[in-house]
Structures are given as structure tokens and as C-alpha cells.
Amino acid sequence: MAGFDDLASERSKAQFDVEEMKVIWAGSRHTLEVSDRISRLVANDPVFRKDTRTMLSRKDLFKNTLRKAAHAWKRIIELRLSEEEAAELRFYVDEPAFMDLHWGMFIPTIKGQGTEEQQQKWLPLAYKMKIIGCYAQTELGHGSNVQGLETTATFDPQTDEFIIHSPTLTSSKWWPGGLGKVSTHAVVYGRLIIDSKDYGVNGFIVQLRSLDDHLPLPGITIGDIGMKFGSGAYNTMDNGVLRFDHVRIPRDQMLMRVSQVTREGKLVQSNVPWQLVYGTMVYVRQKIVSDASCALSRAVCIATRYSAVRRQFGLQSNGIETQVIDYKTQQSRLFPLLASAYAFRFVGEWLKWLYMDVNQRLQASDFSTLPEAHACTAGLKSLTTSATADGIEECRKLCGGHGYLCSSGLPELFAVYIPACTYEGDNIVLLLQVARFLIKTVSQLGSGKEPVGTTVYMGRVEQLMQCHCAVQKGFLELSADLVQAAVAHCQLIVVSKFIEKLQQDIPGKGVKGQLEALCNIYALFILHKHLGDFLSTGCITPKQASLANAQLRSLYSQVRPNAIALVDAFNYTDHYLSSVLGRYDGNVYPKLYEEAWKDPLNDSVVPDGYQEYIQPILKQQLRNARL
Ligand SMILES: CCCCCCCCCC/C=C\CCCCCC(=O)SCCNC(=O)CCNC(=O)[C@H](O)C(C)(C)COP(=O)(O)OP(=O)(O)OC[C@H]1O[C@@H](n2cnc3c(N)ncnc32)[C@H](O)[C@@H]1OP(=O)(O)O
Ligand SMILES: Cc1cc2nc3c(=O)[nH]c(=O)nc-3n(C[C@H](O)[C@H](O)[C@H](O)COP(=O)(O)OP(=O)(O)OC[C@H]3O[C@@H](n4cnc5c(N)ncnc54)[C@H](O)[C@@H]3O)c2cc1C
């Protein structure tokens, strides 16, 4: 069988220990065991099938998502899954749903911004799913500009309550995931008003729906904001609209770790930086970076396996056409994405460590690394999601026409993934935050602070910063060029963290060699892509540039025999890949053909509508022809 033999032959060429690379990719043997077991549990459960998603109406699609979420919760309880195993299960169900925001934002917000007392009250309810929460920050009129939010939370000393209100149409909460139809509660971000004085944005826990009949509570108008990009995709998520008409909540439902409001209506600032109100966004951004490596590796796995199965032109002596993976143009498009998937995996591991470290320091009232954590999570979220969205689209193109079929898995993956460039912070707005951080850092150089990083990449950042920040500017006036310096800074971090990964103990025959090749491909690919920066800033000479290019091409040849084994190391099930082109067995053509007939359009040989619309035309033509 062509495809199968092709992949079997490719696997026999591997020059490294794939099982050890699986451990490197997973992060540890334990993590590999958990993800392998849970991904197969999900793959073998018919409730979690994904192949019908694009053919369902919005209401059926959503109801099916609720069914899956309920079944997932049931399995978590039945199997007594740990928090880690439950998170893996939700990941491999692979369908945006309210659970993502309940577990991924609502709970972390209470943990990060609630007092001990508030955590003791709300977390048990949330962990046991006795309440379902979402994160309601963005409004119709403001998303990026958090300080521009209009929702008000006015303290009423008569009743010891906050009055939550939507004063304008643009203050309507708009976009929060899980809000539209499911969440019973929300963390709502609004302007704290005491005695007519505006104290800025804070978080408030607000109940939205009755726990008895799920109807909206008095003063609450709530619904879904409508269809989004694509047919299946993110339409499994009920992104919602929410308006308040003077809704009253107890004073103790303002999240008070950062600042407190006393019974007398006095605002007391605690010793933690006010920016902790933004803490959930830092947490989610670091998670989004590791999500990027998952999404990109998924697309690369599909495109790599298909590139080894697909043969086109280049008849060889044995009468067989050439595998498209052997074309240099295919390699120059595909292998940098393979290298990027590994690079984002490792920088995601580092970012997770940085986030944990910042949190530990916060416990000890050490806020020194908070600015760097913000800049790194913001910048790397922006860099990796933009590269991943572009990379998924490139993988679709690498698969030719069949990449455009839903059965390839790539259109759906693209449609689900691309909002990552916007949610949790628009990517340009986040790069501007990095630019601001760089301006401040550059101004502190020489005062005992010295830049660190790989020479050429470091030089590029330094030179770009010197060129572009003649004077310190406010956030709004930062030039587009500074965004370029911010991207350069983030790429420096990615390369540096890949190099640091290689300095760790890496067991397994040939594993370190393959990772070194991928690290060099990533570094040289970025250098090639931004050659203008490196040359214009004098970081490299034209001669060095052409040497780098030659080295890049030779690295592709080094990776070529190992490409299939490198994507096998992601250890994805066919269920998770959800792609005829990316099947482990390479049995592409028979399965493509089989999938086609499942389309409802093929339920009848003559399509509905023929008699009403087509036959009259043909008959008319026939009559005309006889005249
Ligand atoms: C495999 C693929 C398929 C996967 C399928 C499943 C996936 C689907 C499920 C996905 C689930 C969830 C996805 C996530 C859902 C999305 C959720 C959201 O979108 S929530 C809303 C997110 N919103 C934002 O990100 C808003 C962005 N805007 C901001 O963060 C701020 O407005 C700003 C930082 C841009 C500006 O802040 P502002 O206070 O107005 O002004 P300054 O810039 O002056 O900042 C002041 C000061 O604070 C520092 N700062 C800013 N932010 C932070 C921070 N987060 N932490 C720490 N410090 C911060 C800033 O540096 C300034 O410091 P100075 O010292 O004064 O310089
Ligand atoms: C699928 C999805 C899920 C979401 N889920 C949630 C959720 O659960 N909870 C929640 O609260 N929100 C959620 N959001 C909202 C999301 O966080 C915002 O859309 C995001 O923060 C971007 O803000 P915005 O929409 O106001 O974009 P805008 O800021 O209006 O961006 C529009 C354009 O203006 C540019 N721009 C804006 N400001 C500047 C500036 N200062 N300088 C230069 N250019 C600028 C941007 O780069 C962009 O090109 C979700 C959004 C999506 C798409």
C-alpha cells in the first residue's frame, strides 16, 4: 500500500531514538505517560468523535459540545482523574468550550486576585462545578484598553453593596467565552466608584443566572454574540454579550487581594502592585505559548506525513514519481515550521517556569521580576501565535488541494487557532508593551545592567533600539519600528532558550544531534527572514549572510531522513490530528475517497433542487435547440 510503505520506509531511516524524543517533547516521562494514556482514552470514546463538527447547525453543534463537556466531566469523576489528567482530557477533547474559561480563567482569577477568605468561599464551588464561571473583561467598546472599560461598580454604604451597571451600549460586556449560554457566574471587570470618585478597574464576582432554572437574574441581559469565523471552529464556544441594569452584589464579592474597600467605604491599597489585577492575562498568555507549539506541531505533523506520501513529477529509474518532501522548495517551507514547533515548545517550558518563579516571589513580596514576566509573556504570546497562525496556513498550502478539504483537518485547525492572535491581547498591542519595556531597559543599561543573549541576535536588538528610540515616548506614540525591535527581542529569547535546552542532559541516541539541527534551522531561518535587520545593523556581513544561507540548506538535508520520526515524536493520535492526510499509517487516498462519500450531499444521486431549478433550464435549452 503506497502511503503505508512510504511512511514505514521513512521511519526506518530515523537516525535517533524516537521514544526518547517523545519524552523531550512531552517534558518528562511522567507527562508523556499521562498524555499518551489520556489521549488514547479520548480517542477511543465515541462521544468525543470530531468528524461531524463541520456539518452540524450552530444549535446542534453547541448542544453536542455541551454533551461532550458533560461526558468529559462524568469521566473525570468516574475515573477520579487528577487535575493534571483532567486538563489533558479537556485538551484532547479539542473543542473550544465554556470549560476552557471556567478552568483556564475564572478559577485562576479567584486564585490570583481573591483574598484567602474569598478563595475558601468560591474555589470549592468552582472546583466541584457547582458554579460555572467566565472572565468578563472586554466590552463592545473596549478590549485592548482595559483602563477604558465603562462598566461601573458603585459602592453603596447604606446597604454595604456594589451596584454593577452598564451605563452605555459600548459598556456591554462582549466576547467573554462561556458567557452567552452557560456560565452561572462571571468575574466582571468594572470601574470602582466610591463617593463619586473613580478608582479604576477592579474584578467583581457576579452571579448571572439562577442555579435553579438557569434563567438570567433580575437586571441581567445576556446572550450569544453570534456566529464567528468558519462553520465548526470556535462556534462551539458561546462567546457572549452581557448588560447590567443596577445589579447589586455584596461588598465581599469585589476581589480584594490587590485593594480592599472597608465597610465605611474607604479604599485600602495592599502592598502588592496594582498590576496584579492584570495577573490572569499573564497566566493565560504563558499557556497560550505552549498551546502554540501544540497547534503548530499538529499542522506540521499533517503536512510532513502527507509530503512523504504525496508523489508528483520527477519519474525515477524505478518508474515511481518523486516524494514532494524531497523537493528543496518543500523543505525550505516545511522544515523551518518543524523547527519552530520545537523552539516554541522549549520557550513555553521556560515561560511556565518564569511564571511560577514570579508567583513564588510575589508570595515573598518580591515584585522585581513582574515587569520582565509581563514583557516576556506578552511578547512571546504575540510572536508564537502570529507564527503559528501563518504556519498552519502554510501547512495547508504545503498539502496542495487536499489541504483545503475539511477531512485534512487543516481548515478547522486554522479557523479554531487564528483568534489566538487577538484574544488575551491583540498581538500588536502586546508588542508595544514589549517595546516600552525595552525602552526602559535600554535607559538602565550601563547602570550595572548588561544585556545578555546570543551575540548576533543581541546586536540586532540593541541596534534596532538605538535607531528607533531617540526619545522616550508614551505608549500611544511608539513607532512601528519599535515593534520590529520587540519582535527581534522575542526571537532572541526563543533562540536563547533553545540553546539553553541543548545544554541540559539529553539522553537517547542521536536525539541531541537532531535538536541541535532544529535549533540551527530556527536561528538561521529567522536570520534569513530578517536579513535586512542583521545587515543594516552591521551584525553580520554579506559574506556571512550567504554562508548562513548555505548552512541552512545543508541542515535541511540533515533533517530530511528524520522528518517523519521528528513528527512521530509529538505522539499525536489520529483522533487528535483529525486528518486523513496526517494518518499515522499514511493510508491517504483510500481514506480521502471514503470520506468524500460521507458528505450529506452524496445522500442522493440527484441533488435536492434539481427538479425545481436545473431541469427547467436544461428542458428550456432542449426546446430552444429543437426550434
Ligand atoms: C490546538 C489549537 C486548538 C485549541 C483548541 C482549544 C483552544 C480554545 C480555548 C481557548 C481558551 C481560552 C483562550 C483565551 C480566551 C481569551 C480571553 C481574553 O481575551 S480575556 C481579555 C484579554 N484582554 C487583554 O489582553 C487586554 C489587553 N490590554 C492590556 O493588557 C492593557 O490594557 C495594556 C497592558 C495594553 C495597557 O495597560 P494600561 O494599564 O492601560 O497602561 P500601561 O501600558 O501604561 O501599563 C501600566 C503599567 O502596568 C504594566 N503592566 C501592564 N500590563 C501588565 C501585566 N499584565 N502584568 C504586569 N504589569 C503590567 C505596564 O508595563 C506599565 O508598567 P510601567 O512600569 O508603568 O511601564
Ligand atoms: C475568540 C475570542 C475569544 C475571546 N474571549 C474573551 C474572554 O473570554 N474574555 C474577555 O474579556 N475577552 C475575550 N475576548 C476579547 C479579546 O480579549 C479582545 O478582542 C482583544 O483583547 C483585542 O481587543 P479589541 O477587540 O478591543 O481590539 P482593538 O484594540 O480594538 O484592536 C483593533 C486594532 O487596533 C489596533 N490598536 C489598538 N490599540 C492600539 C494602540 N495603542 N496602538 C496601536 N494599535 C492599536 C490593534 O492592533 C488592532 O489592529 C475574546 C476575543 C476573541 C476573538
Side-chain angles (χ1 to χ4, degrees), residues 1-7 9-10 50-56 94 229-235 295-316 319-338 340-341 387-418 556 560 563-564 567 570 572 574-605 607:
M1 193 167 50
F4 183 82
D5 297 341
D6 285 327
L7 291 191
S9 154
E10 291 292 331
K50 300 190 285 183
D51 54 348
T52 59
R53 228 170 10 195
T54 51
M55 300 183 196
L56 298 175
D94 180 34
F229 189 100
S231 51
Y234 220 92
N235 290 301
L296 183 56
S297 56
R298 204 166 136 185
V300 166
C301 184
I302 294 167
T304 303
R305 286 179 177 166
Y306 181 65
S307 297
V309 168
R310 183 69 168 178
R311 291 174 176 274
Q312 204 73 194
F313 298 113
L315 219 49
Q316 300 167 78
I320 300 177
E321 291 181 78
T322 299
Q323 291 168 287
V324 296
I325 198 170
D326 283 330
Y327 291 122
K328 296 304 177 194
T329 49
Q330 191 84 353
Q331 292 176 12
S332 68
R333 294 158 63 197
L334 178 59
F335 292 167
L337 297 176
L338 173 59
S340 299
T388 296
D390 294 345
I392 296 170
E393 168 59 0
E394 187 62 23
C395 287
R396 179 192 67 78
K397 291 189 277 191
L398 280 159
C399 295
H402 304 340
Y404 194 62
L405 281 168
C406 282
S407 59
S408 77
L410 289 164
E412 181 76 355
L413 177 56
F414 180 75
V416 166
Y417 189 77
I418 52 173
Y556 292 157
R560 167 63 190 88
I564 292 301
V567 300
F570 301 145
Y572 291 147
D574 282 352
H575 170 271
Y576 180 61
L577 287 177
S578 182
S579 167
V580 172
L581 306 187
R583 292 171 59 90
Y584 185 83
D585 65 9
N587 189 25
V588 171
Y589 294 138
K591 289 300 180 183
L592 268 179
Y593 190 78
E594 187 183 305
E595 279 301 305
W597 298 106
K598 291 180 184 172
D599 191 283
L601 211 52
N602 291 320
D603 290 351
S604 63
V605 176

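Heavy-atom basis, side chains included; hydrogens, waters and symmetry copies ignored.
Contact record, A596 with N602: O-ND2, 2.9 Å, taken as the closest heavy-atom pair. In terms of heavy atoms, S332 sits closest to T329 at OG-O, 2.8 Å. In terms of heavy-atom proximity, L334 sits nearest to S307 at CD2-OG, 4.0 Å. Among all heavy-atom pairs drawn from Y327 and G314, the shortest one is OH-N, 3.9 Å. Of all non-hydrogen atoms in L592 and S407, the two that sit nearest each other are CD2-OG, 3.7 Å. The shortest non-hydrogen separation linking A295 to T388 is CB-CG2, 3.8 Å.
Annotation: the span from E595 atom CD to S408 atom OG amounts to 11.0 Å, rounded to 0.5 Å. Distance check, rounded to the nearest 0.5 Å: CZ of F414 to OH of Y404 gives 11.0 Å. Note that the CG atom of L581 and the OG1 atom of T304 stand 12.0 Å from one another [nearest 0.5 Å]. Rounding to the nearest 0.5 Å gives a distance of 8.0 Å between CG of L315 and OG1 of T322. Of the inter-residue distances, the one linking S9 atom OG with Q323 atom CD reads 7.0 Å to the nearest 0.5 angstrom.
For the pair L577/R305, a side-chain contact is recorded, criterion being any heavy-atom separation below 4.5 Å from C-beta on. Using a 4.5 Å heavy-atom cutoff, the side chains of D6 and R311 are in contact. Put simply, the side chain of F335 reaches to within 4.5 Å of the side chain of I325, judged on heavy atoms. Looking at heavy atoms from C-beta onward, Y556 lies in side-chain contact with P336 at the 4.5 angstrom threshold. Within the 4.5 Å cutoff, side-chain heavy atoms of K50 are placed close to those of H575. Side-chain contact between P600 and M55 is present, with at least one heavy-atom pair separated by less than 4.5 Å. Side-chain atoms of V567 and I302, non-hydrogen and from C-beta on, never get closer than 4.5 Å to each other. You'll find the side chain of C395 stays beyond 4.5 Å of the side chain of I392, heavy atoms only.
Cation-pi geometry between R298 and Y572 is not met: the NZ or CZ atom fails to fall both under 6.0 Å from the ring centre and inside 45° of the normal.
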*What do the steps show when you test D94 against S578 for side chain to side chain contact (heavy atoms under 4.5 Å, CB included), and what is the final call?*
CA-CA 10 Å; D94 180 34; S578 182; 5.6 Å; no
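With sequence neighbours excluded, the residues forming a side-chain hydrogen bond (donor to acceptor under 3.5 Å, both in side chains) with R310 are Y306, Y589, listed by chain and number. Scanning for side-chain hydrogen bond (donor to acceptor under 3.5 Å, both in side chains) contacts around Q331 gives an empty result, with sequence neighbours left out.
Without hydrogens or angle criteria, Q330 side chain to L398 main chain gives a donor-acceptor distance under 3.5 Å.
Using a 4.0 Å cut-off between a side-chain N of Lys or Arg and a carboxylate O of Asp or Glu, D574 and K591 do not qualify as a salt bridge.
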